[in-house]
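To start, the structure under review is shown below, and the notes come after it.
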Amino acid sequence: DAGVIQSPRHEVTEMGQEVTLRCKPISGHDYLFWYRQTMMRGLELLIYFNNNVPIDDSGMPEDRFSAKMPNASFSTLKIQPSEPRDSAVYFCASSWQGGIETQYFGPGTRLLVL
Amino acid sequence: EDKVVQSPLSLVVHEGDTVTLNCSYEVTNFRSLLWYKQEKKAPTFLFMLTSSGIEKKSGRLSSILDKKELFSILNITATQTGDSAIYLCASRNSGNTPLVFGKGTRLSVIA
């Protein structure tokens, strides 16, 4: 398996623009997690899905952030409009029901909002 | 609110030194504690601990959990420059809940 796939790997955009981050989890995994990592705050869970259903989105910073999982092999995290304080590395991770702790992380998307 | 605190935040050692990284947690209905290593990219899984006093070992790395005192340590012996990374500790309570991560310890091993 190729592991968790994220795209793009890097994104530079201007404040106010819409940003869409994409994730393909490991096949057969039924949990998908979106994290954000900054120097100041460390790794923060934004939202997670179980069997494509959002379970907990309490970590989503505000209404500018939204996430979807239309099927078992694809998820998006959208920021609209983006702000400079959204600059961070965004990780997607997946795991399976029998081993939710052992999360496999994607390579991350490094986002810079100017 | 569940919380995981790691110390120190940053550490610089020489090759060959032994280091101990600390992780304390406050988790309702604790289930497991995990250690991850993050180099330049994504975190990679190291250990999962569920029982007190049982050491998990992988090469020069080892970890142990104390459920009474609510902490875990990660030991690295004979450190190498390739051990330089951020080490993340995370905890999970019972049920299908996600992990709560600490802010990490940045370890730098210099030759």
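Numbered from 1 within each chain, the chains take letters A, B, ... in sequence-line order.
- Taking the six-membered ring for Trp, A/Y31 and A/F49 have ring centres at least 6.0 Å apart.
- With a 4.5 Å cut-off on non-hydrogen atoms, A/Q6 does not touch chain B at all.
- A donor-acceptor pair is defined here as one N or O able to donate and one able to accept, closer than 3.5 Å; no such pair exists between the side chain of A/D57 and the backbone of A/M60.
- Using a 4.5 Å cut-off between heavy atoms, A/L43 touches chain B through backbone and side chain atoms alike.
- For A/M39, the part lying near chain B is the side chain, with the backbone staying farther off; criterion is any non-hydrogen pair under 4.5 Å.
- Partner of B/S63 under the side-chain contact (heavy atoms from CB on, under 4.5 Å) criterion, chosen from B/C89, B/S72, B/C23, B/S58: B/S72.
- No side-chain donor-acceptor contact under 3.5 Å links B/K56 to the backbone of B/L61.
- A/Y35 touches chain B through its side chain: at least one heavy atom from C-beta onward sits under 4.5 Å away, while N, CA, C and O do not.
- With chain A as partner, the option from B/G104, B/A42, B/S32, B/P43 having the largest number of non-hydrogen pairs under 4.5 angstrom is B/P43.
- No donor-acceptor distance shorter than 3.5 angstrom exists from the side chain of A/Q17 to the backbone of A/S82, with no hydrogens or angles considered.
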